[in-house]
Amino acid sequence: MLSQRIANTVFAVLVILVSFYFAWIAEGFEASGLLASSGLPSKFFPQLILGTIIACAIITCYLYGIKGEAGGDAGETVFGNAGDARRGILMLIVSVVCYLTWRNFGFIPMAILLGPLSLLAMGIKQPYIYATVWVLTGCVYLVFTYLLGIHLV
Amino acid sequence: MFDLNALMISLGLLADPLTITLLVVGIVLGIMIGILPGLGPPIAIALALPFTFYMETIPSMILLLGIYSAAIYGGSISAIAVGIPGTGAAIATVQDGHKMFKAGRGGEALGFSLTGSIIGGLFSVVCLVVISPLLASLAVKFGPREYLAISVFGLIVVVRVAGKSLPKGLLMGTLGIFLTTWGLDELNGTERFTFGTYHLYEGLPLVPFLVGVFAVSEVLIGSERALQKTRFNMESLKVKLPGLKTLVGLKDVILRSSIIGTIIGIIPGEGAAVGAFFAYSEAKRRSRNPEAYGTGIPEGIIAPETANNATVGGALVPTLTLGVPGSPAAAVLLGALLIQGLTPGPKLFSDRPDLMYAIFIGLFVINILMMFIGLVAIRFAARLIMVPTSVIVPTVLLLSFVGIYSVSYSFFNVGVLLGAGILGYVVRKLGYSIAPLSIGFVLGPILENSLRQSLTIADGSFFEFFNTPIGLTIYAILVLTILWGPIISRFRRSSTKV
């Protein structure tokens, strides 16, 4: 399984790279109009914060590289087992797919798909759980549409 | 400061049948959501937020406060009954609470948890009533340098208490702050990290971000343990309240835990969980019989349960008076106030005294009603422990989607919710705490504006930051807090050993 040491090191390196990219974007911030010259430049604060993020990420990399852990997570893995990893990642994909379904095809198709896809992602086989989730989905739709008057499209 | 007219208005609104109904509904919902493992007070408040958009401010705040207080208490029911804490705040209760339950004394354990929660809650409300108007009258004099000092204080404290690793905590805090720099610069209108979309002109929206970080990330983590089954014995769930004599015997533990909980609540951080652990460790350290802790004794339940509910009133002190959230749940509550068009801070006391009185009185009533509702509803509510995680996961995800969409009919906001949820999931899996991320996201705008204004006033000199008595006092307290950090770590280590 993926160890905390490797995962955290990769994450910290990504954070450093992305922070440098954002700091570079911040260099191009230009104020316009009457307030353009007032106070400190707009890039000041984001770059200050990005500098702090980079420093923290470098220290995190150092801790995992030299000590092998940060905060007592030596020898720990990101996921408990392969099944946990599969369920978590599949659920993440399902949530993105459902969001895209809602945007492109409307609320009803998303609401119909969300329950069964989630349950499949979690490896659930009992039909009564599928039925329960569908009933709860219907309740959520009815409450928001008829009780709160939200137009779910 | 005292406004009789505002008091009468708030009493009138509190006596409204709708407000009373919402108060009861809030307590019941809070207990129910608190029982469900993983769904703590921030998620409970976040899920209820959409229902408050169409309400008046006072009824909506009463609903959310009822949920907040009851969700912290509800977490102890599953901690005692099945040894799985419903909330982080109930982790310290598991040791003794579940041992008592297994020994056939579950009713007693639940009675101690309920009594402790109510005493702690009431104590912290008294502190809130006394401290917050004083702090608000002082905060009216605050300028950018004072707000900068408070923001720095809040951020550093939350980073210190939130995680085991300081660099990782600070990374999350600063990441939260960085995300608030997206959008138009408030001081001169410069576009920053808008990526060509007008949706980002006002920056990343607060409520979708917080709901995503707390609720969606929890849904994704919950999906991993969807196949786990929970079994417990319902027979041991009849609450037996402790007698007065027993409570008098525990008065030192109760008083100390109430004070600890309230103080930890006032300091921005993890609030309830830290307060509970701290009170448990302190009760054990001062006990004549420390080895009995963890074997199933009342002190091991009443100490953490008193402290975790005492953090509620404590956390509201900086939230209402300074706009600086005392806990992640208070950060979501702060979002609810913003949605209602209110800006938490010292002016809230002069602008909306009726709301302040309603919050004070409402919290009193909530804690007292929680006793009766807890007694009646506990057996029914405890059945929720049996609800499979596989049912909770898609339902909470759908509620989060629909709830956020209903705020502004914006798919962009739902996208932010999902993005924040994925970010929260990834960082939690990597062992980061999401408390600094959420607090940083709330404090970011205050920190940036006060820093830039302070630097402009001071003509670029950093030394001028300390040229203010209030600011200097806050920095001095911060230094003391940092020195106090190793003591907290010691308590944490001893708690872990326990």
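Because only heavy atoms are used, hydrogens play no part in the values below, and waters and symmetry mates are left out as well, while side chains stay in. Naming: A, B, ... by sequence-line order, numbering from 1 per chain.
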Proximal component of B:V216, with respect to chain A [non-hydrogen, under 4.5 Å]: neither
Which region of A:F44, side chain (C-beta onward) or backbone (N, CA, C, O), has a non-hydrogen atom less than 4.5 Å from a non-hydrogen atom of chain B, or is it both or neither? side chain
Heavy-atom distances under 4.5 Å only: say whether A:L136 touches chain B with side chain, backbone, both or neither. side chain
So which residue, A:T132, A:L117, A:L92, A:I59, ends up with the most heavy-atom pairs under 4.5 Å with chain B? A:L92
Chain B contact residues among residues 1-10 of chain A, heavy-atom distance under 4.5 Å: A:Q4, A:A7, A:N8
Below 4.5 Å from any heavy atom of chain A, which atoms of B:V393 appear? Answer side chain, backbone, both or neither. side chain
For a 4.5 angstrom cut-off between non-hydrogen side-chain atoms, does A:F29 reach B:D185? no
Counting only non-hydrogen atoms closer than 4.5 Å, does A:I53 touch chain B with its backbone (N, CA, C, O), its side chain (CB onward), both, or neither? both
Could you check which of A:S95, A:S118, A:G123 has the highest count of heavy-atom pairs closer than 4.5 Å to chain B? A:S95
Which atoms of B:E448 come close to chain A, meaning under 4.5 Å heavy atom to heavy atom: side chain ones, backbone ones, both, or neither? both
Please determine, among A:G115, A:G149, A:G88, the option with the most heavy-atom pairs under 4.5 Å with chain B. A:G88
Applying a strict 4.5 Å limit to non-hydrogen atoms, the region of B:T395 in contact with chain A is side chain
Check: A:M91 and B:P394 side chains under 4.5 Å, non-hydrogen atoms: no
Tell me whether the rings of A:Y99 and B:F411 are parallel (<30°), tilted (30 to 60°) or perpendicular (>60°). perpendicular
State the CE-OG distance between A:M122 and B:S223, to the nearest 0.5 angstrom. 6.5 Å
If I measure from the heavy atoms of chain A, does B:L418 come under 4.5 Å with its side chain, its backbone, both, or neither? side chain
Within residues 100-108 of chain A, which positions have a heavy-atom distance to chain B below 4.5 Å? A:W102, A:R103, A:F107
Validation row: A:V96, B:I422 side chains within 4.5 angstrom (heavy atoms): yes
Indicate the ring-plane relationship of A:F144 and B:F51, choosing parallel, tilted or perpendicular according to the 30° and 60° boundaries. tilted
